Amino acid sequence: MSATSLDQIVSLCKQRGFVFPGSEIYGGLANTWDYGPIGVELKNNVKKFWWDFWVRNRDDIVGVDASILMNPKVWEASGHVSNFADPLVDCKACKKRFRGDKLLEEKLGVEEIAGIALVDVTPKLLKEKIPCPDCGKCEWAEAKQFNLMFKTQQGVTEDSEREIYMRPETAQGIFVNFKNVLNSTRKRLPFGIAQIGKAFRNEITPGNFTFRTREFEQMEVEYFCAEKDWQKIYPELEKASWDFFKKLGIDEKNLRWRQHREDELSHYSKLTKDIEYKFPWGWGELQGLAYRTDFDLKQHQKFSGESLEYLDTETNEKFTPHCIEPSFGCDRTVLTVLLDAFCEDDVNGEKRTVMKFAPEIAPIKVAVLPLSRKEKLTKKAREIFDILRMEFRAEFDETQSIGKRYRRQDEIGTPLCVTVDFGTIGEDNSQSEKGYVTLRDRDSLKQEEVEIKKLPDLIRAKLKI
Ligand code: GAP
C-alpha cells in the first residue's frame with residue numbers, strides 16, 4: 001500500500017466484485033457490506049490461511065464451531081451484561097449520537113485517550129472544543145454507558161419468548177466447551193481451541209468501510225495453560241501473531257504493536273497488546289493478544305455450577321487453567337489485505353492498478369484467455385482451462401480486448417494469465433509455437449512461452465503452493 005485512499009479501495013471493490021454495499025437496491029442499510037464473487041474467494045482464502053496457520057499446522061490447537069445464540073447466563077458470567085459498553089454522547093443541538101472516546105481519539109490520538117473514564121469524556125470534548133461531526137456545534141450532553149450487545153427473542157409464543165443475545169465475541173463459545181473438548185480430545189495443557197465465526201455489536205459509530213461494522217467475523221484462539229506458564233507462552237503467541245500477518249503478505253512497515261495501558265484493559269485482561277495497521281485514517285487495531293487469566297473459566301464455573309478444573313496427572317494437582325487469547329478480526333484482516341495489496345504503476349505510459357495479493361490468498365490463481373473469440377481458439381483455451389481448474393482456482397474469460405482482460409485480472413490480483421493464440425493451434429507461426437501458450441506474470445509483467453503439458457508444474461512452482 002502506498003498512499004491508497006479508502007475511496008479508491010471502496011470503488012475498486014464495488015467495480016470488481018470484492019465488496020458491495022448491503023441491501024443496495026433498497027437504498028442500503030448503513031454500514032452493512034456484502035462480499036461479492038471475488039471478495040468471497042478472498043475472504044475464504046484468508047480464513048483458510050488462518051485455520052491452516054493456527055490449527056492444521058500445529059499439534060496443540062484444535063477447532064470448534066459453536067452457536068451464535070447462547071444461554072443468556074453466558075453473558076452474565078462473562079461480564080458482558082455489566083461491562084460491555086462504550087461512552088455514548090448526545091449532541092444537544094442536533095440530537096445525533098456519537099462515541100465520545102472516538103471523537104477525542106480522532107483529534108488527540110489513541111494513546112492520549114485510551115482508558116479515559118466515563119465522567120471525563122464530556123468535559124474533555126468541551127475543553128478541546130470538538131465539534132459535532134454532523135452539525136458543527138460544540139454542545140455535548142453528559143456521556144452515558146451504552147451496552148453494545150444486540151438483543152433478540154427466542155420462542156414462538158409470547159409467553160415462551162425469552163430474551164437472548166447475539167454473541168458479541170466468539171470466545172465464549174470456546175470457554176463453555178472447554179470441558180467437552182478436554183474430554184473428547186484428551187489434550188493436555190498447554191493447548192488451544194480455535195474458532196472462526198460471526199459476532200455482533202451494536203456499535204455507536206461504525207464506519208471506515210468494513211473496519212467497524214455491527215456484524216463481523218472473528219478468528220479467535222483461546223490458549224489454555226497453567227498459571228506458571230503464561231509468561232513463557234505469551235511471547236510465543238506474540239511472535240506467531242506477527243508471523244501470521246507477515247506470511248499473509250502484509251508489509252511489516254505498516255504494522256506495529258501497541259500495549260494497552262492498565263486503565264484501558266478490558267475487564268478480563270491483565271495484559272493486552274494489539275497489532276495495529278497503518279490504515280489511511282491512522283493506526284487501527286487488527287488483532288488483540290490478551291492474557292485473560294482464569295477469569296472466564298472461573299466465572300463459568302461459578303455461574304453454571306460445573307467444574308472446569310484440570311487435573312495435572314503428573315503432580316496430581318487440580319486447578320482452573322489460565323488463558324491467553326489471540327483474537328483477530330476477519331473482515332479487518334481482509335480490509336488490510338486489500339489496502340496493502342493495492343498498487344498503481346505505469347505500463348507503457350498507461351496507469352495500471354494491480355492488487356499484489358500473496359498467491360495463497362489470491363481469489364483467482366490463473367486466468368485462461370483466448371486471444372480472440374474465434375471458436376477454434378476458445379475450444380483449445382477451454383481444454384486448457386478444464387485441466388487447470390481441477391487443481392487451481394481458475395477463470396476463463398473471452399470477453400473484450402486482451403488488454404482490458406489483463407487489466408481486469410490485475411485489478412482482482414490474479415498472479416498468472418495464460419493466453420492462447422493462433423500459434424498455439426498451429427495457425428500462425430508469428431505467434432506462439434504450436435502446442436505452446438503465453439504465461440504472463442502479474443507483478444513482473446514478464447511473458448514466457450510454455451508448452452501446454454508443462455503448464456501445471458510451472459504454475460504450481462510459480463505460485464509456491
Ligand atoms: N474476544 C476478544 C475480543 O472480542 P476485541 O478487541 O473486542 O476482543 C477482537 O475484538 C478483534 O475483532 C479486533 O481486534 C478487531 O479486529 C475485530 N473487531 C472488533 N470489533 C469489530 C467491529 N465492530 N467490526 C469489525 N471488526 C471488529
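Predicted model only: the values in this text are computed from it and were never measured. Atoms within a ligand are numbered from 1 in the order they appear, just like the ligands themselves.
Taking atom 15 (C) of ligand 1 as the reference point, the nearest protein heavy-atom neighbour is Arg332 NH1, 3.4 Å. For atom 25 (C) of ligand 1, the closest non-hydrogen atom on the protein side is Phe211 O, 3.1 Å. Among protein heavy atoms, the minimum distance from atom 18 (N) of ligand 1 is reached at Phe216 CE1, 3.6 Å. Among all non-hydrogen protein atoms, the one lying nearest atom 12 (O) of ligand 1 is Gln218 NE2, 3.3 Å. Here the protein heavy atom with the shortest distance to atom 14 (O) of ligand 1 is Glu285 OE2, 2.6 Å. Among protein heavy atoms, atom 9 (C) of ligand 1 sits closest to Ser327 OG, 3.0 Å. Atom 24 (N) of ligand 1 has Thr213 N, 3.1 Å as its closest protein atom, hydrogens excluded (heavy atom only).
Looking at ligand 1, you'll find an N or O of Gly329 within less than 3.5 Å of one of its N or O atoms.
Ligand 1 is approached by Leu286 to a heavy-atom distance shorter than 4.0 Å. Between Glu222 and ligand 1 there is no heavy-atom distance shorter than 4.0 Å. Under the 4.0 angstrom criterion for non-hydrogen atoms, Tyr268 is in contact with ligand 1.
When only modelled atom types and interatomic distance are considered, Thr122 and Glu142 share no side-chain donor-acceptor pair under 3.5 Å. Side-chain N/O atoms of Thr272 and Ser269 include a donor and acceptor closer than 3.5 Å.
Comment: Glu391 engages Arg460 in a salt bridge, judged by a side-chain N to carboxylate O separation of less than 4.0 angstrom.
Aromatic ring centroids of Phe178 and Phe224 lie under 6.0 Å apart. With ring centers used as reference points, Phe328 lies under 6.0 Å from Phe244. Here the two rings, on Tyr165 and Phe200, have centers that are 6.0 Å apart or farther.
Listed by atom number, the atoms of ligand 1 under 4.0 Å from Glu325 heavy atoms are 1 (N), 2 (C). Ligand 1 places these atoms under 4.0 Å from at least one heavy atom of Glu169: 1 (N), 2 (C), 3 (C), 4 (O). Less than 4.0 angstrom separates some heavy atom of Arg292 from each of these atoms of ligand 1: 1 (N), 2 (C). Proximity to Glu203 (heavy-atom distance under 4.0 Å) selects the following atoms of ligand 1: 20 (N), 22 (C), 23 (N).
In this view, Phe209 and Trp33 satisfy the ring pair (Phe, Tyr, Trp, His ring centres under 6.0 Å) rule, not counting sequence neighbours.
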Pair up each side-chain donor or acceptor in residues 91-99 with any protein partner under 3.5 Å, not counting sequence neighbours, and list the distances.
residue: Lys95; atom: NZ; partner: Lys92; partner atom: O; Å: 2.9
residue: Lys96; atom: NZ; partner: Asp134; partner atom: OD2; Å: 3.0
residue: Arg97; atom: NE; partner: Asp90; partner atom: OD1; Å: 2.8
residue: Arg99; atom: NE; partner: Asp86; partner atom: OD2; Å: 3.4
residue: Arg99; atom: NE; partner: Asp101; partner atom: OD1; Å: 3.0
residue: Arg99; atom: NE; partner: Asp101; partner atom: OD2; Å: 3.4
residue: Arg99; atom: NH1; partner: Asp86; partner atom: OD2; Å: 3.1
residue: Arg99; atom: NH2; partner: Asp101; partner atom: OD2; Å: 3.0

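The residue among Arg201, Glu220, Gln287 with a heavy atom at the shortest distance from atom 5 (P) of ligand 1 is Arg201.
By the 6.0 Å and 45° rule, Arg332 stacks over the aromatic ring of Phe211.
Each of Glu317, Lys318, Arg188, Lys179 was scored for a side chain to side chain donor-acceptor pair (under 3.5 Å) with Tyr310, with one residue passing: Arg188.
Distance check, rounded to the nearest 0.5 Å: SG of Cys323 to OH of Tyr268 gives 10.0 Å.
Contact annotation: for Arg212 versus ligand 1, heavy atoms closer than 4.0 Å belong to both the backbone and the side chain.
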